[in-house]
Amino acid sequence: MLGSALRTAFFSPGRSDFTCWARISGSRRQIGVAQREQRGRSAPAACRMIEEGEARQTEESSEARGRVAVDLADLSPFTWDPATGAVNWDARLKAIWGLPPDAPVDLIAWRSAVHPNDRHRVEEALAQCRDPAGDGVYSIEHRVIGLGDGVERRIAMRGRTRFEDGRPTGFVGVGLEIAEPKADEATGRANDQALRRFAEQSAHVLWLADLGNGRRTYLNLALREVWGLPQEALASIESWLGTIHPDDRDSVSRSIERAAEGHVAVLEYRILRPSDRTVRRIRDTFFPIRGEAGGIRHVGGIAEDVTGRSGARIYVVDEGAASRRAWLRVLQPAGYDVQVFASAAVFVEIAGSLRSGCVILDIEAAGPESLTVVKAIKAAGLTLPVLVIGRSHGDIGYGVRAMKAGAVDYLEKPWQPTALLTAVSSALAELREDADRSQAKDDAKLRIGGLSIREREVLEGLLAGGTNKSIGRALGLSPRTVEIHRAHVMEALGVRTLSEAVLMATRAGVQPTVGL
């Protein structure tokens, strides 16, 4: 056939001592009619013949070289099905995750070993590579905490998603463990000195504790500014717990226990500064320090004074990359610190470690479990008011259900920037008012706790509406003595009027004298 290629395979004897199967292909060259008439013959054909054995050996050799290259570079090829979540890893990649070679692996295991501080970046990268509007590339370096051995490792992962009809249908990638560089002794000493200088200049309290003997083995100079005490005054875990508000001591003790078990814990608690008897709010990150054998005897922490924080941070939960960029274009110019989450499940998992702020939840992107997210945040008592965004499609009860679940407000899509900023500002203002009320309550309890028994009785009488004479009669005191105690109460509470004293006593939960 003119201009077509012909392929066939035939058995051909070669030399007397050698035979082989060969594959031949050919095609006619296209020439004009005038050229054929001039030549007086049909068009010439171009042929190519190759021994099949040689071709197969070439393919096998190429695959073998690829496998050798992968092994020499310590690469771990893997696949992932974005539709079903199924993953296929080799033994080397499982070892990085702290798993034995025969351990089953799924997407939950993949995500759960990612270091908590890197989890948000990984979720962002996974969401982007599944987005048909992007290039499908997954490229990230992050830390992994082994599921079986608890060892922290660093890994670089590269891959690309395959799309069909706008849907992700497959993913192929490779992983490579990144070895920590070994510094020489001089560099190590320089790094230690630089780290110590940094620690001493830090505004946060950096601390280390030995769980074996209960001693705090390191405290930086910021302790004097935040706690109002020198380092030697809090040299033990017990003395440190003694400065923590009684209502928060159990939570702090549990956070230390979690760190001892290998977990990172973030907690906000209150301290009673011994130097001036004021209440300060502390945000502390507790983390384990593993020994060479993998055991945990020491824990550390980074304590930040967050008293009076305005809570001007916004958490956006939205699976769509394009819509997340739209949120940033509106919120960041308004001066808000914005953190985005591509997964509602990931947000709920770490919500307890986030500082106060407003949550913007796209109820459509979060899926059918979105209201469960709102309920979970409310049930946990977190200072994270949720603003729900969605489409009601004419259902007038849609927003009502969101508010009943715990949302502070509901906005209909498509939302307007002005309406969004107004709703966010309102949620944050309410958050600040709650913080102020809580601070005032803590201060009132602290001041009233410093009263003597007799002064407390006089205050309870005043709260019941008693006069100096009626309170004195109830307590067996003269009106003049009651007046002296009353003056001491006003001075201790830092108030000038009786109404201010009554308001502070009410905040602190003081009950009036019965039957006065």
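Heads up: numbering here begins at 1 and tracks the sequence. Keep in mind that the numbers below use all heavy atoms, side chains included, and drop hydrogens, waters and symmetry copies.
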Any heavy-atom pair between the side chains of [Y] and [X] that's under 4.5 Å?
| X | Y | answer |
| --- | --- | --- |
| Asp284 | Trp207 | yes |
| Val316 | Ser323 | no |
| Val205 | Ile302 | no |
| Val510 | Ile448 | yes |
| Pro288 | His263 | no |
| Ser253 | Leu241 | yes |
| Val137 | Gln128 | no |
| Ile155 | Leu93 | yes |

With sequence neighbours left out, what residues match [X] under side-chain contact (heavy atoms from CB on, under 4.5 Å)?
| X | answer |
| --- | --- |
| Ser425 | Tyr336 |
| Glu257 | Arg254 |
| Val87 | Trp80, Trp89, Val105, Trp110 |
| Ala265 | Ser255, Arg258, Phe286 |

Residue pairs involving residues 479-488 (criterion side-chain hydrogen bond (donor to acceptor under 3.5 Å, both in side chains); sequence neighbours excluded):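 For residues 479-488: Asn468-Arg486, Ser478-Thr481.
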
In Å and rounded to the nearest 0.5 Å, what is the [atom1] to [atom2] distance from [X] to [Y]?
| X | Y | atom1 | atom2 | answer |
| --- | --- | --- | --- | --- |
| Arg391 | Leu411 | CZ | CG | 13.0 Å |
| Asp118 | Ile145 | CG | CD1 | 9.0 Å |
| Gln339 | Leu331 | CD | CG | 13.0 Å |
| Lys404 | Lys375 | NZ | NZ | 11.0 Å |
| Glu304 | His204 | CD | NE2 | 4.0 Å |
| Arg154 | Leu176 | CZ | CG | 12.5 Å |

Set of residues satisfying salt bridge (charged side-chain N to carboxylate O under 4.0 Å, His left out) with respect to [X], sequence neighbours excluded:
| X | answer |
| --- | --- |
| Glu141 | Arg158 |
| Arg249 | none |
| Arg130 | none |

Where [X] and [Y] come nearest, the two heavy atoms and their spacing:
| X | Y | value |
| --- | --- | --- |
| Phe287 | Thr285 | CD2-O, 3.7 Å |
| Leu387 | Leu420 | CD2-CD1, 3.8 Å |
| Pro274 | Leu229 | CG-CD1, 3.7 Å |
| Arg153 | Gly146 | NH1-CA, 4.1 Å |
| Asn220 | Leu206 | OD1-N, 3.0 Å |
| Ala109 | Trp97 | O-NE1, 3.3 Å |

With sequence neighbours excluded, residues passing side-chain hydrogen bond (donor to acceptor under 3.5 Å, both in side chains) with Asp409: none

Salt bridge (charged side-chain N to carboxylate O under 4.0 Å, His left out), that's the test. Do Arg324 and Glu124 meet it? Break it down for me. CA-CA 11 Å; Arg324 289 198 299 272; Glu124 274 287 309; 3.1 Å; yes

Audit row: Ile282, Trp227, side chain to side chain contact (heavy atoms under 4.5 Å, CB included) steps and yes/no: CA-CA 10 Å; Ile282 306 297; Trp227 258 260; 4.2 Å; yes

Pairs touching residues 206-222 that satisfy salt bridge (charged side-chain N to carboxylate O under 4.0 Å, His left out), sequence neighbours left out: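 Passing the test, one end in residues 206-222: Asp210-Arg297.
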
Taking atom CD of Glu232 as the centre, does the number of heavy atoms from other residues, nucleotides or ligands within less than 6.0 Å exceed 12? yes

Is the count of non-hydrogen atoms from other residues, nucleotides or ligands lying under 6.0 Å from Glu412 atom CD greater than 12? yes

Take Leu272 and His245, measure what side chain to side chain contact (heavy atoms under 4.5 Å, CB included) needs, and give me the verdict at the end. CA-CA 6 Å; Leu272 306 176; His245 194 287; 4.0 Å; yes

Salt-bridge criterion met for [X] and [Y] (N-O under 4.0 Å):
| X | Y | answer |
| --- | --- | --- |
| Glu457 | Arg454 | yes |
| Arg119 | Glu123 | no |
| Arg283 | Asp305 | no |

Between Val408 and Met403, does the side chain to side chain contact (heavy atoms under 4.5 Å, CB included) criterion hold? Intermediate values first, please. CA-CA 6 Å; Val408 296; Met403 301 282 280; over 6 Å; no

Is the ring pair Phe341/Phe347 parallel, tilted or perpendicular, if the boundaries are 30 and 60 degrees? perpendicular

In terms of relative ring orientation, are Tyr269 and Trp240 parallel, tilted or perpendicular, with 30° and 60° separating the classes?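 The arrangement is perpendicular - the two ring planes meet at more than 60°.
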
Any pair with a residue in residues 400-426 that passes ring pair (Phe, Tyr, Trp, His ring centres under 6.0 Å), sequence neighbours left out, goes on the list, sorted by first then second residue, please. Trp327-Trp415, Tyr398-Tyr410

Residue pair Val424, Ile360: steps toward the side chain to side chain contact (heavy atoms under 4.5 Å, CB included) verdict: CA-CA 9 Å; Val424 169; Ile360 297 178; 4.1 Å; yes

Checking the side chain of Lys94 only, and the main-chain atoms of Ala103 only, is there a donor and an acceptor separated by less than 3.5 Å?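 It does hold such a pair.
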
Side chains of residues 492-503: which donor-acceptor pairs under 3.5 Å do they make with residues two or more places apart or in other chains?
{"from": "Thr497", "atom 1": "OG1", "to": "Ser499", "atom 2": "OG", "distance (Å)": "3.1"}
{"from": "Thr497", "atom 1": "OG1", "to": "Glu500", "atom 2": "N", "distance (Å)": "3.3"}
{"from": "Glu500", "atom 1": "OE1", "to": "Arg496", "atom 2": "N", "distance (Å)": "2.9"}
{"from": "Glu500", "atom 1": "OE1", "to": "Thr497", "atom 2": "N", "distance (Å)": "3.4"}

Can you name the one residue among Thr243, Ile244, Asp247 that meets side chain to side chain contact (heavy atoms under 4.5 Å, CB included) with Arg270?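 Between Arg270 and the candidates, side chain to side chain contact (heavy atoms under 4.5 Å, CB included) is satisfied uniquely by Asp247.
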
